[in-house]
Amino acid sequence: MSSNFIHDIIDADLASGKHSEVVTRFPPEPNGYLHIGHAKAICLDFGTALKYGGRCHLRYDDTNPTAEDTEYVGAIEEDVRWLGFDWGKNLFWASDYFDRMYECAVELIQMGKAYVCDLSVDAFKEYRGVPHLPGKEPAGRNRSIEENLELFEKMKAGEFADGAYVLRAKIDMNSPNLHMRDPAIYRIKHASHHNTGDKWCIYPMYDFAHCLEDSIEGVTHSLCTLEFEVHRPLYDWILETLSLYQPHQYEFARLNLTYTIMSKRKLLELVKEKLVSNWDDPRMPTICGMRRRGYTPEAVRAFCTEIGITKTESLTDVALLEHHVRTDLNEIAPRRMAVLDPLKVVITTYPEGQSEEFELPNHPQKPETGTRTVPFAREIFIERDDFMEEPVKKFFRLAPGTEVRLRGAYLVTCTDVIKDANGNIVELHCTHDPDSRGGNAPDGRKVKGTIHWVSAQHGIKAEVRLYDRLFTSENPAAEEGDFKDYLNPDSLKVITGIIEPGLASANPGDKFQFERIGYFCADPDTTESKPVFNRTVGLREAASKQA
RNA sequence: UGCCCGAUGGUGUAAUGGUAGCACAGCAGACUCUGAAUCUGCUUGUCUAGGUUCAAAUCCUAGUCGGGCAACCA
């Protein structure tokens, strides 16, 4: 992976001998699905370990049993693997360290560096005060070490209700950094934990747990997002006070993408209110959503590399992601023909009842990928907007009296336009040049327009889901009012298209380029009787192409 | 309001005191059996004001603007 300010620091650490190896970690809380923002972190954490020949731990930060669910654990692992990363044996749980964390808390109390506080959330808020004024010292701050030890023991023994007491680090009620004003490090939660069951009714807070986890695991560079910057002094204080090995925390800017949201809470809201089908709805910025949409791990990784790692907050244009998706798909996706808005064409000069097969390349630029056969007959479908009765200038496609190439088949000329009683075009009649079999005329005449087609007799109906951006606003989270007011009502259009017959046997996840339209992949909803395709991303379209 | 962080074309990023570069997007053209891909060219930028220096995007000072922090969440 390319370099960034964190790698500059690592280079210096390695050169100075401060570290001889690099250990990072990706520490998700199992409380939701991973999204493209996590992908950025995963690429950084694992990519950095890979670059320096170190290791990256996958660690579940499961310190809050009321927020977490093992439902998410499998999904997280699947997503990290799909992205192409491997934690090997380095799978850890914060909850496995609960005993050691408890001992550390006791040690802090014994040092006179932590105390049990009986103030309610609201009461302590008053003592903590506001940033520009000093806080007040709670009375419990001067409790004896013995009494603190006893109270903490009772907290652990379950003698108190949730919220009755909390263990606080005794730091500085006058610190300009609010996180240093005697932060809570243990709270009472009578909740069973997926891993430790009912063994504990007190659980460590993030600030206390995370630095210990990193220290215990020998992490060298603990990478997180910018909002944790003000937590770093606390991270350092705890490890220094306990005389433990101190990893260094470095912060980088989280990813924001145009036309979507990245907040787990808001994403959950969309799922719960059924505004999307589920976490893996192809419109979601989740990793499973992108996978279902047809994005490839290679494209997502290339995107993450491209956007880089900085401390500058930014809003990245989703076009950049789509660019990498197209770039990868262009390389790997076999070409097929599908008509999404069918208009029937009768080749009047083609014998009734006759059909033939054409051999078309899977990828014109990659002959080594072979060919497939596509049936042709007298009646075919073409795309409705590939015909204009009164063509605008620079319209290269079919119009009355003009000749176009049916991709890989024949040159045809439109002779008649058939309309219904309302004047709607329902059918076209064309003649074909039998000598142009394969698509080229022996006389070498140039035909500018080439359009795709599917035989009416052989084509298969398929459900095609056309996805567009989820929101109409570039930055829905920054808009006034409810972000859901900015949902794009046209983010999903379901249509029935006609696909070339070979496409009917596509398996879920198979990716194709529907020529002249875009990249599509077979959805898991696909069955033998009903193929379902998702539009991953459209082809780039020259602005001069007007329909 | 206190502390912390940041600011380079429309967007994302590089330049580590010495030619402001790359990618995306946009525009124009070439090529083309995909109006795709490919190729060529073009437009557009160092937040402001001072200072240090032979030389400043880079260092210093002040300001402006943006963000973060005031859960018994992570």
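Residue numbers begin at 1 in each chain, while the letters A, B, ... track the order of the sequences. Computed from a predicted model, the values in this text were never measured in an experiment.
- Distance check on atom P: B:C42 versus B:C24 gives 16 Å, rounded to whole Å.
- Considering only side-chain N and O atoms, A:Arg59 lies nowhere under 4.0 angstrom from the phosphate OP1 or OP2 of B:A74.
- Here A:Gln365 lies in heavy-atom contact (under 4.0 Å) with a base.
- B:G17 and B:C59 have their C1' atoms separated by 8 Å, with the value rounded to a whole Å.
- Panel note: side chain A:His193, backbone A:Thr63; no donor-acceptor pair is recorded below 3.5 Å.
- Among the protein residues, A:Thr63 comes within range of the sugar-phosphate backbone only, with heavy atoms under 4.0 Å from sugar or phosphate atoms but none that close to a base.
- Judged by distance alone, with hydrogens and angles left aside, A:Lys446 brings no side-chain donor or acceptor close enough to the base of B:U32 to form a pair under 3.5 Å.
- Note on A:Leu133: nothing from the nucleic acid sits closer than 4.0 angstrom, heavy atoms only.
- Using a 4.0 Å cut-off, no side-chain N or O of A:Thr316 falls inside it from OP1 or OP2 of B:U11.
- Across all strands shown, A:Ser120 has heavy atoms under 4.0 Å from base atoms, whether or not it also approaches the sugar-phosphate.
- A sub-4.0 Å separation between OP1 or OP2 of B:A71 and a side-chain N or O of A:Arg128 is present.
- In this structure, the side chain of A:Asp62 engages the main chain of A:Ser95 through a donor-acceptor pair within 3.5 Å.
- By the side chain to side chain contact (heavy atoms under 4.5 Å, CB included) test, A:Glu153 is found to be paired with A:Tyr102, residues two or more places apart in sequence or in another chain being considered.
- Residue A:Asp8 is classed as a base contact, given a heavy-atom separation below 4.0 Å to a base.
- Between A:Arg326 and the phosphate of B:A37, there is no side-chain N or O to OP1/OP2 separation shorter than 4.0 Å.
- In the set B:A23, B:U34, B:A37, B:A23 carries the atom at the smallest distance from any side-chain atom of A:Leu320.
- Residue A:Arg254 contributes atom CZ, which lies 15 Å from atom C1' of B:C5 at whole-angstrom precision.
- Here, B:A25 and B:C39 have their P atoms 13 Å apart, quoted to the whole Å.
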N/O donor to acceptor pairs below 3.5 angstrom from side-chain atoms of residues 441-454 of chain A, sequence neighbours left out:
from     : atom 1 : to       : atom 2 : distance (Å)
A:Asp443 : OD1    : A:Arg445 : N      : 2.9
A:Asp443 : OD1    : A:Arg445 : NH1    : 3.4
A:Asp443 : OD2    : A:Arg445 : NH1    : 3.0
A:Arg445 : NE     : A:Glu403 : OE1    : 2.9
A:Arg445 : NH1    : A:Asp433 : OD2    : 3.4
A:Arg445 : NH2    : A:Glu403 : OE2    : 2.7
A:Arg445 : NH2    : A:Asp433 : OD2    : 2.9
A:Thr450 : OG1    : A:Arg405 : NE     : 3.2
A:Thr450 : OG1    : A:Arg405 : NH2    : 3.4
A:His452 : ND1    : A:Arg516 : NE     : 3.3
A:His452 : ND1    : A:Arg516 : NH2    : 3.4
A:His452 : NE2    : A:Ala338 : O      : 3.2
A:His452 : NE2    : A:Glu383 : OE1    : 2.7
A:Trp453 : NE1    : A:Arg407 : O      : 2.7

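- Here B:U46 sits opposite no nucleotide as a Watson-Crick or G-U wobble pair (both hydrogen-bonding atom distances under 3.5 Å).
- Taking side-chain N and O atoms only, A:Lys311 has no distance below 4.0 Å to OP1 or OP2 of B:G67.
- Closest to the side chain of A:Thr312, from the set B:A7, B:G2, B:C72, is B:A7.
- B:A71 has its base syn relative to the sugar, with a glycosidic angle deviating from 0 by at most 90°.
- Looking at heavy-atom distances under 4.0 Å, A:His324 makes no contact with the nucleic acid at all.
- The closest donor-acceptor contact from the side chain of A:Glu500 to the backbone of A:Met337 lies under 3.5 Å.
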CA sep, side-chain torsions, deciding dist, call: A:Val404, A:Val412, side chain to side chain contact (heavy atoms under 4.5 Å, CB included): CA-CA 6 Å; A:Val404 296; A:Val412 297; 4.0 Å; yes
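- Contact of A:Glu306 with B:U13 (side chain to base): no donor-acceptor pair of N or O atoms is detected under 3.5 Å.
- A:Ala67 comes within 4.0 angstrom of nothing in the nucleic acid, heavy atoms only.
- Across all strands shown, B:U40 is found opposite B:A28 as a Watson-Crick or G-U wobble partner, with both distances under 3.5 Å.
- Contacts of A:Phe228 with the nucleic acid, taken as non-hydrogen atoms under 4.0 Å apart, include base atoms.
- Judged by distance alone, the side chain of A:Asn177 and the main-chain N or O of A:Val230 form a donor-acceptor pair under 3.5 Å.
- With both ends at atom C1', the span from B:U8 to B:U16 equals 15 Å, rounded to whole Å.
- Base-pair partner of B:A71: not found among the strands shown (Watson-Crick or G-U wobble, both distances under 3.5 Å).
- Within the nucleic acid shown, A:Gly308 has no heavy atom closer than 4.0 Å to any nucleic acid atom.
- When the P atom of B:U32 is taken as reference, atom CZ of A:Arg405 falls 11 Å away, rounded to whole Å.
- Atoms CG (A:Leu34) and C1' (B:A74) sit 14 Å apart, rounded to a whole Å.
- Among the protein residues, A:Arg407 comes within range of the nucleic acid bases, having at least one heavy atom under 4.0 Å from a base atom.
- Rounded to a whole angstrom, the distance from the C1' atom of B:U11 to that of B:G51 is 33 Å.
- A 6.0 Å sphere centred on CZ of A:Arg372 holds more than 12 heavy atoms belonging to other residues, nucleotides or ligands.
- Pair check for B:G17 finds none; no Watson-Crick or G-U wobble contact set falls under 3.5 Å.
- In this structure, the side chain of A:Ser222 does not engage the main chain of A:Gln249 through any donor-acceptor pair within 3.5 Å.
- Counting non-hydrogen atoms under 4.0 angstrom, A:Leu119 reaches a base of the nucleic acid.
- When only modelled atom types and interatomic distance are considered, A:Thr66 and A:Lys189 share a side-chain donor-acceptor pair under 3.5 Å.
- Side-chain to base pairing of A:Arg397 with B:G35: one donor and one acceptor N or O lie within less than 3.5 Å of each other.
- Contact check, A:Arg540 against B:G26: a side-chain N or O comes under 4.0 Å of OP1 or OP2.
- When heavy atoms are screened at a 4.0 angstrom cut-off, A:Glu251 is found touching no nucleic acid atom at all.
- Backbone-only engagement by A:Lys125 is indicated by non-hydrogen atom pairs under 4.0 Å involving sugar-phosphate atoms exclusively.
- B:U58 is unpaired under the criterion used here, namely a Watson-Crick or G-U wobble arrangement in which both key atom distances are under 3.5 Å.
- When the P atom of B:C24 is taken as reference, atom NE2 of A:His323 falls 5 Å away, rounded to whole Å.
- The same atom, C1', is picked in B:A28 and in B:U43; the two are 11 Å apart, to the nearest Å.
- Nucleotide B:A23 forms a pair with B:U11, judged by Watson-Crick or G-U wobble geometry with both contacts under 3.5 Å.
- Comparing the P positions of B:G6 and B:A14 gives an interatomic distance of 13 Å, to the nearest angstrom.
- Between the side chain of A:His363 and the base of B:A37 there is no donor-acceptor pair of N/O atoms closer than 3.5 Å.
- Here the P atom of nucleotide B:A36 and the CG atom of A:Asp328 are 20 Å apart, to the nearest Å.
- Within 4.0 Å of A:Asp162, counting heavy atoms only, lies no atom of the nucleic acid at all.
- If you take atom P in B:A57 and the same atom in B:C65, they sit 24 Å apart, rounded to whole Å.
- Contact between the side-chain N/O atoms of A:Thr66 and the OP1/OP2 oxygens of B:C73 is not found at any separation under 4.0 Å.
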